[in-house]
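Comments concern the structure below.
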Amino acid sequence: MDTRMKNLVWAAVLVVLLAVGAIGLAGALQGLDLGAAARGSTAGSTAAPTAPTGAGRPASAAPATPAPTSSPARSLSRFDPGASAAENLEVFRRALDGAARSASSSSVDAATLTGALKAAGFAPSAMQRSADQTSANLQAPVLTVAVRVGGDCLVGQFVRSDASISTEVAAPVAQGTCLIGRQPKA
């Protein structure tokens with residue numbers, strides 16, 4: 001594949017990511033049954049989807065024994081490199097939420113978000129971020145930041161139109177990074 005073709009492919013990928021980002025992470029997932037309503041969770045939950053009762057089981061089978069309840073997740077005040085990505089998700093969300101509320105939505109940039117993550121103890125070398133401006137030199141409608149934590153990624157999006165923050169734990173992409181494309185230094 002020649003360089004021009006590769007550039008066109010990357011441009012197409014970027015357009016798709018920007019389109020999904022403009023909708024917002026929550027909007028992209030809207031309509032998927034992630035079992036959040038049944039658990040009473042909010043946006044940014046990372047609990048695994050659950051199958052409806054009786055799914056994949058014959059009607060005559062005995063009901064499954066309920067799984068033991070796990071102990072509540074520990075509440076961290078700062079990033080803990082020994083904890084899982086899921087355990088650090090709340091610290092990640094609080095840092096981004098604080099950064100988003102610290103300034104008007106039009107003045108928040110990716111450096112504001114990564115600065116808040118650094119202040120919360122996340123390693124700058126593990127961070128990735130999207131650009132503050134589009135290729136047409138317009139202010140990006142959505143800013144995305146990610147931090148690699150062990151084998152997972154904490155991914156957050158700031159949507160300028162409503163100053164909302166969405167966060168999730170995600171698997172890294174094939175290259176082992178959390179975001180694709182060329183990102184500015186975090």
Side-chain angles (χ1 to χ4, degrees), residues 13-30 32 34 36 39 41-49 73-134 139-173 175-186:
V13 168
L14 182 59
V15 166
V16 169
L17 287 175
L18 287 174
V20 170
I23 296 169
L25 191 55
L29 298 175
Q30 186 175 11
L32 295 179
L34 300 178
R39 291 185 301 279
S41 63
T42 60
S45 173
T46 60
R74 60 184 167 153
S75 178
L76 302 174
S77 59
R78 288 185 50 80
F79 171 68
D80 179 356
S84 70
E87 291 171 314
N88 278 298
L89 182 63
E90 184 61 22
V91 175
F92 183 76
R93 187 201 57 76
R94 280 194 317 261
L96 295 179
D97 195 46
R101 295 183 191 285
S102 69
S104 71
S105 63
S106 63
S107 65
V108 172
D109 59 10
T112 305
L113 301 176
T114 56
L117 293 173
K118 289 175 193 174
F122 290 93
S125 61
M127 292 182 201
Q128 291 181 279
R129 67 179 185 89
S130 61
D132 293 318
Q133 293 186 322
T134 67
Q139 192 176 49
V142 176
L143 300 173
T144 304
V145 293
V147 179
R148 182 75 186 256
V149 178
D152 292 314
C153 297
L154 295 173
V155 180
Q157 288 189 320
F158 170 72
V159 180
R160 287 187 196 278
S161 63
D162 63 1
S164 65
I165 293 286
S166 296
T167 60
E168 72 173 355
V169 176
V173 294
Q175 297 84 357
T177 60
C178 295
L179 301 178
I180 61 171
R182 195 175 307 161
Q183 295 93 33
K185 293 267 189 211

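Only heavy atoms go into these numbers, but all of them, side chains included; no hydrogens, no water, no symmetry mates. Keep in mind it's a predicted model, so treat the numbers as computed, not measured.
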Minimum heavy-atom distance between A131 and L143, given as atom pair plus value: O-CD2, 3.7 Å
Nearest heavy atoms of A163 and A100, plus distance in Å: O-CB, 4.3 Å
Closest heavy-atom pair and its distance - A116, A99: CB-CB, 3.6 Å
Side-chain heavy-atom pair R94, V91 within 4.5 angstrom cut-off: yes
Summary of salt bridge (charged side-chain N to carboxylate O under 4.0 Å, His left out) pairs that have at least one residue in residues 99-112, sequence neighbours excluded: D97-R101
Rounded distance (nearest 0.5 Å) linking atom OG1 of T144 with atom CD of Q157: 4.0 Å
With Q133 via side-chain hydrogen bond (donor to acceptor under 3.5 Å, both in side chains) - residues at least two apart: none
Any donor-acceptor pair under 3.5 Å from R148 side chain to G150 backbone: yes
Qualifying residue for side-chain contact (heavy atoms from CB on, under 4.5 Å) with F92, from V145, V155, V149: V145
Value rounded to 0.5 Å, distance of CE in M127 from CG in L154: 10.5 Å
For F158, all residues meeting ring pair (Phe, Tyr, Trp, His ring centres under 6.0 Å), sequence neighbours excluded: none
For the student: nearest non-hydrogen atoms of R129 and A110, plus distance: NH1-CB, 3.0 Å
For S125, side-chain hydrogen bond (donor to acceptor under 3.5 Å, both in side chains) partners two or more places apart: none
side-chain hydrogen bond (donor to acceptor under 3.5 Å, both in side chains) against D152, all qualifying residues, sequence neighbours excluded: none
Residues forming a side-chain hydrogen bond (donor to acceptor under 3.5 Å, both in side chains) with R78, sequence neighbours excluded: none
Closest approach of T112 to S107 (non-hydrogen atoms, all atoms of both residues): OG1-O, 4.2 Å
Intermediate values then yes/no, side-chain contact (heavy atoms from CB on, under 4.5 Å), L117 and F79: CA-CA 9 Å; L117 293 173; F79 171 68; over 6 Å; no
Minimum heavy-atom distance D132-R160, with the two atoms named: O-NH2, 4.1 Å
Interatomic spacing from SG in C153 to CG in L179 - rounded to 0.5 Å: 7.5 Å
From CD (Q128) to CD1 (I180), nearest 0.5 Å: 10.5 Å
